[in-house]
Number of protein chains: 2
Amino acid sequence: MAETDPNLMLPIHEQISEALRSRIRSGELPVGSRLPAESTLMEEFSVARGTVRRALRTLNEQGIVQTLQGKGTYVRSGRPEPSIAQTLVGLSESLSYSEKSLTTTVLRQDIVPASAYPEFPSTLDPAEQLLFLDRVRSLDDIPVARLKNWVRLSLAPGIDGTDFETTALFTALDRRATGHLSSGRRTFEAVLADGDIANTLRISTSVPLLFLKQVTYLDDGAVVECSDVWMDSQHVTVAMNLIR
Amino acid sequence: MAETDPNLMLPIHEQISEALRSRIRSGELPVGSRLPAESTLMEEFSVARGTVRRALRTLNEQGIVQTLQGKGTYVRSGRPEPSIAQTLVGLSESLSYSEKSLTTTVLRQDIVPASAYPEFPSTLDPAEQLLFLDRVRSLDDIPVARLKNWVRLSLAPGIDGTDFETTALFTALDRRATGHLSSGRRTFEAVLADGDIANTLRISTSVPLLFLKQVTYLDDGAVVECSDVWMDSQHVTVAMNLIR
DNA sequence: CAGTGGTCTAGACCACCGG
DNA sequence: CGGTGGTCTAGACCACTGC
């Protein structure tokens, strides 16, 4: 693997996976076709087998190819459209695939001490400042989701000046965070709406809601943000695509 | 790594990841603590570094630990919920990471014509045979999930002879399906239990349940199975890990 | 600086698949 | 059977972390 610009130096396994991705995009490796055997790729890229396998692992994890023992590695049939749940994106990024108009109303946007939210999923100095965001998302003017977010201001300085009616939280985080957003975790539960939630979603308290708890991590493992989301599944469904 | 029973022979890296999972469950490795360094684990298990890394990779993918360059591998905060959602696995595969005992009761196991389930997510000959499975999953004898599955017998011949109290559906599908399981799709909703569901889960009809609709595809894109799952989120939480 | 994980090599043996 | 991927070893060098 030649590499001309030292600034663009990427691990060899990433260069290989990108080269293969490119062949798949161009149609040189059509859907359903078999990739060259690992031994062939070793020779072609002049690397050890472990490096080829590391590259193929990435493509498998991305759902681009599927490796079958004793048979080979095959280009997957057409990639499913981006799903809301599989990669780390904000709710608005995923809902925006819909044709309906998405609007956001900010109910509260305050700076609070960490002691005001002891459930924050990592231990904080009680005096640390958090940005508290309380919003309602509507599709075609029907409220469908209530979102409460807590953001560590020390890890996203200046984010409190954002207009969150027009800017998605993830967009602001990408710009302001001291590190890169790296991973997240979501849990799903079913709950009944409490009075406050029911009011803003204009439903009764006996309606079951989809409740998501989310945590967003930076590269270094620090929790930069966490959120509670209640969704009315009569109006929005959470879907995800899965890879074996 | 000694291995006495050749029938139970598992790859060494899986034995190591299970050993570490067990230490985490038992509290020997508490939340937030650092795992032994890879070099230490090499000595302890008498394996090469690559094998240790393969084991840690599994735990990372399952969201149980988080590895940080130059620092170490840490036990993740939060309950170790099984991450059912990121890769295509059956419910039992994901719940089995819990320390509780998982049991399955089969309520019905019948062959029905496709006409009996018009909601099947692909167009079928009304006379085609489907295996209908109706099961209850319990953790420590508390019923936590009700599962209804419809499997196309023509794509998984002989699967109707399986004992589904001891064999997971995905295990049977892996063995019987005419192609490889390749992908799937899940949707999440919150619903109220109807009378029948409430009875089997021993809850009232006003309890909100997590409702999952799932579809499983083969390599060639054919729908081989679909299912409806109701889960009591007071007892089980669905979690997923997300990568940016 | 020492310790950690990330990458990479060059071999080896095995299990699975298909003809 | 030959070809494929799955596992595993025993090294090596490097980048990042924290003291």
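Letters go in sequence order (proteins before strands), and every chain restarts at 1.
- Side-chain contact annotation: Arg137(B) with Thr104(B), donor-acceptor N/O pair under 3.5 Å present.
- A side chain to side chain donor-acceptor pair (under 3.5 Å) with Ser227(B) is found for exactly one of Lys148(B), Gln214(B), Lys213(B), Arg135(B), namely Gln214(B).
- The shortest distance between side-chain heavy atoms of Ser233(B) and Phe188(A) does not fall below 4.5 Å.
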For nucleotides 4-8 of chain C, tabulate all protein N/O to nucleotide N/O atom pairs closer than 3.5 Å, reporting atom names and distance.
residue: dG5(C); atom: OP2; partner: Glu38(B); partner atom: N; Å: 2.8
residue: dG6(C); atom: OP2; partner: Arg53(B); partner atom: NH1; Å: 2.7
residue: dG6(C); atom: OP2; partner: Arg53(B); partner atom: NH2; Å: 3.2
residue: dG6(C); atom: N7; partner: Arg49(B); partner atom: NH2; Å: 2.6
residue: dG6(C); atom: O6; partner: Arg49(B); partner atom: NH1; Å: 2.9
residue: dT7(C); atom: OP1; partner: His13(A); partner atom: NE2; Å: 3.3
residue: dT7(C); atom: O4; partner: Arg49(B); partner atom: NH1; Å: 3.3
residue: dC8(C); atom: OP1; partner: Ile12(A); partner atom: N; Å: 2.5
residue: dC8(C); atom: OP2; partner: His13(A); partner atom: N; Å: 3.2

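- Thr58(A) OG1 to Glu18(A) CD: the interatomic distance, rounded to the nearest 0.5 Å, is 11.0 Å.
- Atom CD of Glu43(B) has 12 or fewer neighbouring heavy atoms from other residues, nucleotides or ligands inside a 6.0 Å radius.
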